[in-house]
Amino acid sequence: MSVRSKLRNIIQISLEGARQSGLLVSEAFQSVVIEIPADPLHGDFATNIAMQLAKVERKAPRAVAEIIIGQLADQSDIFEKIDIAGPGFINLTLKPAFWQGRLSDVISEGANYGNSKTGANHKVQVEFVSANPTGPLHIGHGRGAAIGDTLCRLLDAAGWDVTREFYYNDAGQQIANLALSVQARCLGLDPTDTSWPQDGYQGGYIIELANSYLAAESVGEITAAAEPQNLEEIRKYAVAYLRQEQDSDLKAFDVGFDNYFLESSLYSDGLVDSTVQRIIASGHTYEEGGALWLKTTDFGDDKDRVMRKSEGGYTYFVPDVAYHLNKWERGFVRVINEQGADHHSTITRVRAGLQALDAGIPKGWPEYLLHQMVTVMRGGEEVKISKRAGSYVTLRDLIDEVGRDATRYFFLMRKPDSQLVFDIDLAKDQSSDNPVYYVQYAHARISRILESATENGLDPLLGAVHIALLAETEELDLLKKVAAFPETVESAAANLEPHRIPSYLHDMATLLHSFYAKHRVLGEDKNLTLARLYLLVAVKQTLKNALSILGVSAPEKM
RNA sequence: GCGCCCAUAGCUCAGUUGGAUAGAGCAACGGCCUUCUAAGCCGUAGGUCGUACGUUCGAGUCGUACUGGGCGCGCCA
């Protein structure tokens with residue numbers, strides 16, 4: 001349990017005690033807010049509960065605070081100091097011994113430190129990336145991959161049973177365009193030719209793909225037919241080829257999936273048709289102009305949407321609905337879709353389709369985590385992106401150029417809601433300007449110290465350590481930061497906000513570097529040395545666990 | 001025109017679920033290495049939190065309306 005939760009419980013109990021003694025009339029608040037004050041003079045934690053209750057209690061906030069504090073008398077083993085301050089804050093200062101005691105939590109839990117059981121092992125499915133197999137992954141997919149992957153790691157740490165899924169849109173018009181584009185290249189055409197397919201893909205990778213096809217190369221079990229006229233064979237080979245490219249890029253990015261779901265399987269398994277039949281049976285459709293319409297306006301959309309075009313084909317969101325019905329029927333009561341904000345309009349449609357099924361699916365299901373666009377800066381200038389012409393920064397380019405760790409860290413530093421400027425020059429910079437190195441350096445520094453300690457026969461994990469010697473400001477700050485890790489993971493997972501972890505890491509690295517600059521670890525006083533080593537083992541473990549959630553390495557040397 | 005997202009230091013962004021005197025990094029300036037890694041530390045400077053009302057003990061945070069930017073609004077995906 002996090003320190004904050006612990007304090008929340010203590011305050012809850014004191015409120016209940018005061019109520020039973022007739023000192024307060026309010027029912028105990030469901031959510032007692034415990035915060036960490038900006039100013040350390042205001043204690044380690046503060047609560048505003050007295051101000052919250054003042055009105056109902058018809059007492060001055062400070063008077064309410066007095067009553068609450070009166071109930072905390074038997075907690076003197078935890079609290080160093082309890083103050084009433086300002087308009088009615090209760091400021092809580094914990095005893096150093098309490099903080100020092102957190103260290104053994106880290107040591108004993110090791111790689112599991114920071115994990116919680118919040119998710120109670122409930123199933124959650126996270127769908128992310130889900131790029132069409134029509135080209136290489138670009139920088140936007142990279143952001144989605146980093147966010148989705150770290151979200152999974154966060155939910156896993158928070159005690160959820162996570163399934164990672166990738167949805168391949170391997171059916172439909174875009175794939176048809178892909179096949180035509182490859183065929184055109186096989187026939188030696190280029191985009192300037194009048195017979196170049198409309199909306200064809202122009203990127204250079206299409207030429208490579210065409211050459212590979214003509215050379216009768218193999219991708220997995222699929223061997224290219226090398227027949228330019230055989231569009232179906234071209235389609236099969238092109239999809240297999242590009243899927244393999246994407247898979248290899250994702251692997252290089254250390255992103256993996258438990259399940260790959262093919263859109264084409266929805267058709268071959270009859271799920272699209274059966275879903276449409278169920279929606280029709282539910283009475284939320286009508287025919288007009290030869291098309292079948294879904295009354296999405298019944299579910300909050302601003303206009304109705306076509307499900308089946310007059311020429312007979314389904315519009316794109318129909319298989320999406322079928323796919324999500326399938327997710328529901330697979331037992332995923334919780335589903336989170338991570339995707340680019342440019343597709344946000346699908347949310348209303350998919351949810352509307354699911355509601356129209358009358359299948360008992362909750363209104364807000366599934367959840368969505370959207371990330372905004374990424375722009376790329378190089379040499380102080382924005383790199384223009386034209387996907388149609390095939391000129392864009394691929395994920396592979398980024399990984400090759402700036403490295404996996406920096407790429408992931410940069411994508412994860414910012415909250416998904418904000419547009420991201422990816423500065424390639426900064427990400428490549430192997431200096432203190434680069435935040436990822438700043439954090440990794442803290443880990444490497446500790447490693448070096450621990451290595452020296454071992455060389456000198458010092459092992460803080462053997463025998464008793466006098467942790468009470470850790471009384472310097474810099475030491476206590478580190479202790480408190482270490483102790484805050486579990487609640488940081490919990491809140492990042494609960495709010496779907498991976499960027500809190502880089503923020504936490506940066507704070508921790510700052511404290512470590514400050515400590516390092518001011519105090520020597522390996523010194524004359526053996527007990528103090530051992531205590532500091534013990535602290536550093538805990539800090540190192542916490543840094544490593546946090547970096548691991550980001551999928552960023554924790555180097556022993558730099 | 002409608003919907004979603006964003007607006008905080010010169011630049012890129014945090015801001016602990018509504019708290020006390022708004023922070024970090026970069027860029028600028030000034031200090032610190034014979035001792036565990038200077039990929040570091042310490043300091044200076046930098047602000048009408050887009051604007052205006054509102055909600056309340058209290059608003060960068062919540063609401064409404066504007067302004068500006070991004071994305072989306074198809075019988076495309």
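Below, read A as the first sequence line, B as the second, and so on, with proteins coming before strands; counting in each chain starts at 1.
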Query raised in the report: Considering only the P atoms, how many Å lie between B:U17 and B:G60, rounded to the nearest integer?
Result: 15 Å
Requested in this report: Write down the distance separating the P atoms in B:C62 and B:G68, rounded off to the nearest Å.
Outcome: 22 Å
Query raised in the report: With sugar-phosphate meaning primed atoms plus P, OP1 and OP2, does A:Asp342 contact a base, only sugar-phosphate, or nothing at under 4.0 Å between heavy atoms?
Result: sugar-phosphate
Requested in this report: Look only at the side chain of A:Ser181 and the backbone of A:Tyr201, and say whether a donor-acceptor pair between them is shorter than 3.5 Å.
Outcome: yes
Query raised in the report: Which part of the nucleic acid, if any, lies within reach of A:Val421 when heavy atoms closer than 4.0 Å are counted: base, sugar-phosphate only, or nothing?
Result: sugar-phosphate
Report summary line: Relative to its sugar, using the 90° cut-off around 0, the base of B:U17 is syn
Requested in this report: Verify the contact: side-chain N or O of A:Ser345 to OP1 or OP2 of B:C2, cut-off strictly under 4.0 Å; return yes or no.
Outcome: no
Query raised in the report: How about A:Asp170 and A:Ser264: does a side-chain donor come under 3.5 Å of a side-chain acceptor?
Result: yes
Requested in this report: Please answer whether the main-chain N or O of A:Leu94 pairs with a side-chain N or O of A:Asp44 as donor and acceptor at a distance below 3.5 Å.
Outcome: yes
Requested in this report: Quick one: label A:Ala484 by what it contacts on the DNA or RNA (base, sugar-phosphate, nothing), any heavy atom closer than 4.0 Å.
Outcome: nothing
Query raised in the report: Given the P atoms of B:A45 and B:G50, what is the spacing between them in whole Å?
Result: 24 Å
Requested in this report: Tell me whether the OP1 or OP2 atom of B:C73 has a side-chain N or O from A:Arg305 closer than 4.0 Å.
Outcome: no
**Report entry** Rounded distance (Å) that lies between atom P of B:G72 and atom CD of A:Gln372
**Finding:** 11 Å
Requested in this report: Report which part of the nucleic acid A:Ala46 touches: base, sugar-phosphate, or nothing (heavy-atom distance under 4.0 Å, all strands).
Outcome: base
Query raised in the report: Does the side chain of A:Tyr516 get closer than 4.0 angstrom to OP1 or OP2 of B:A38 through an N or O atom?
Result: yes
Requested in this report: Measure the distance from CZ on A:Arg445 to C1' on B:A38 and round it to the nearest whole Å.
Outcome: 7 Å
Query raised in the report: When you compare B:A14 with B:G47, how far apart are their C1' atoms, in angstrom units rounded to a whole number?
Result: 15 Å
**Report entry** Which nucleotide in B:A39, B:G69, B:G19 has an atom nearest any side-chain atom of A:Gln52
**Finding:** B:G19
Query raised in the report: B:C73 phosphate, OP1 or OP2: any side-chain N/O from A:Lys303 under 4.0 angstrom?
Result: no
Query raised in the report: In whole angstroms, how far is the P atom of B:A24 from the OH atom of A:Tyr504?
Result: 19 Å
Query raised in the report: Given atom CG of A:Leu536 and atom C1' of B:C36, what is their separation to the nearest angstrom?
Result: 10 Å
**Report entry** Nucleotide B:G74, atom P - distance to NE2 of A:His343 in whole Å
**Finding:** 14 Å
Report summary line: Per atom distances to the A:Asn132 side chain, the nearest of B:G3, B:A77, B:C41 is B:A77
Report task. Return no unless some side-chain N or O of A:Lys557 is found under 4.0 Å from OP1 or OP2 of B:A39. Result -> no
Report task. Examine B:A39: is either OP1 or OP2 under 4.0 Å from a nitrogen or oxygen in the side chain of A:His513? Give yes or no. Result -> no
Query raised in the report: Is the shortest side-chain N/O distance from A:Tyr437 to OP1 or OP2 of B:U37 below 4.0 Å?
Result: no
Report task. Report, as yes or no, whether the 6.0 Å neighbourhood of atom CD on A:Glu524 holds more than 12 heavy atoms from other residues, nucleotides or ligands. Result -> no
Query raised in the report: What distance, rounded to whole Å, do you find between the two C1' atoms, one in B:U37 and one in B:A20?
Result: 40 Å
Query raised in the report: Can you list the stems that RNA chain B is part of, where a stem is at least 3 pairs in a row, each Watson-Crick or G-U, with both distances below 3.5 Å?
Result: B:1-7 with B:67-73, B:10-13 with B:23-26, B:28-32 with B:40-44, B:50-54 with B:62-66
Query - Ring-face cation contact, A:Tyr168 with A:Arg243, 6.0 Å cut, 45° max - result: yes
**Report entry** Residue mapping more 5' on RNA chain B - nearest nucleotide basis, A:Trp293 or A:Ser491
**Finding:** A:Ser491
Requested in this report: Could you tell me whether A:Lys544 atom NZ has more than 12 heavy atoms of other residues or ligands within 6.0 Å of it?
Outcome: no
Query raised in the report: Between A:Lys309 and B:A77, does any side-chain N or O lie under 4.0 Å from OP1 or OP2?
Result: yes
Query raised in the report: Which nucleotide, B:C36, B:C41, B:A14, lies nearest any side-chain atom of A:Ala517?
Result: B:C41
Query - Integer angstrom distance from the P of B:U21 to that of B:G3 - result: 38 Å
Query raised in the report: Base, sugar-phosphate alone, or nothing: which one does A:Gly523 contact when heavy atoms must sit under 4.0 Å apart?
Result: nothing
Requested in this report: Look at the side chain of A:Ser310 and decide which nucleotide, out of B:C75, B:A77, B:U37, has an atom nearest to it.
Outcome: B:C75
Query raised in the report: Taking OP1 and OP2 of B:C42, is either one under 4.0 Å from a side-chain nitrogen or oxygen of A:Ser514?
Result: yes
Query raised in the report: Rounding to the closest angstrom, what is the interatomic distance between B:C36 and B:A28 at atom C1'?
Result: 33 Å
**Report entry** B:C5 and B:G23, which share atom name C1', separated by this distance in whole Å
**Finding:** 24 Å
Report summary line: Glycosidic torsion of B:C13 (syn if within 90° of 0, anti otherwise) classifies it as anti
Report task. Please indicate yes or no: is the ring centre of A:Phe89 less than 5.5 Å from the centre of the six-membered base ring of B:G19, with the two planes inclined by under 30 degrees? Result -> no
Query - Within 6.0 angstrom of A:Lys518 NZ, more than 12 heavy atoms from elsewhere - result: no
